[in-house]
Amino acid sequence: AFDRLVGRTGAVWWGHSTPAGQERLRRRARLLARRIEALPAPRRCLELGCGTGAFTEHVLALGLAAEWDAIDISAN
């Protein structure tokens, strides 16, 4: 049921389609990036429940020096 809902509503479901939603994603990504960069190298991150990958894309766009794996139970 959730997969069908996300397939129909996409980013609207999470509030990512608005300018405020995009800013929230950017802020969360910067916050996480600062914490990851404070870790000793090599850095390896596992994101559980990445959903559509919208947040993942924002984090990776920051160019972190980290290996990143993201997984979700849903195909969407």
Side-chain angles (χ1 to χ4, degrees):
F2 182 74
D3 287 349
R4 286 191 306 273
L5 177 63
V6 171
R8 284 194 319 266
T9 62
V12 173
W13 174 263
W14 300 110
H16 298 161
S17 60
T18 66
Q22 287 295 305
E23 181 58 26
R24 276 192 305 276
L25 281 174
R26 286 189 292 273
R27 286 181 182 182
R28 288 179 42 224
R30 287 190 304 264
L31 174 66
L32 182 61
R34 283 193 300 270
R35 294 191 179 228
I36 291 171
E37 290 291 344
L39 297 172
R43 298 174 188 102
R44 183 146 191 210
C45 302
L46 173 61
E47 181 184 3
L48 300 173
C50 66
T52 62
F55 178 66
T56 309
E57 289 177 358
H58 278 80
V59 172
L60 296 179
L62 295 172
L64 287 174
E67 194 172 320
W68 195 276
D69 293 302
I71 188 168
D72 197 282
I73 195 170
S74 173
N76 292 317

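Position 1 is the first residue of the sequence, and the numbers go up from there. As the structure is a prediction and not an experimental result, all values here were calculated from the model.
In the hydrophobic clustering (ILVMFWY side chains linked at under 4.5 Å, chained through shared members), L46 is joined by L48, I71.
Residue pairs meeting the salt bridge (charged side-chain N to carboxylate O under 4.0 Å, His left out) criterion with at least one partner in residues 59-71, sequence neighbours excluded, are R44-E67, R44-D69.
Counting all heavy atoms, side chain and backbone alike, G51 lies closest to D72 at N-OD2, 2.6 Å.
Under the rule for a side chain to side chain contact (heavy atoms under 4.5 Å, CB included), the partners of R27 that lie at least two apart in sequence or sit in another chain are E23, R30. Under the side chain to side chain contact (heavy atoms under 4.5 Å, CB included) criterion, A29 pairs with F55, H58, V59, L62, not counting sequence neighbours. E57 pairs by the side chain to side chain contact (heavy atoms under 4.5 Å, CB included) definition with nothing, not counting sequence neighbours.
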Per-pair distances, 0.1 Å, donor-acceptor, side chain in residues 31-41, under 3.5 Å, sequence neighbours excluded:
unit_1, atom_1, unit_2, atom_2, d
E37, OE2, A65, N, 3.3

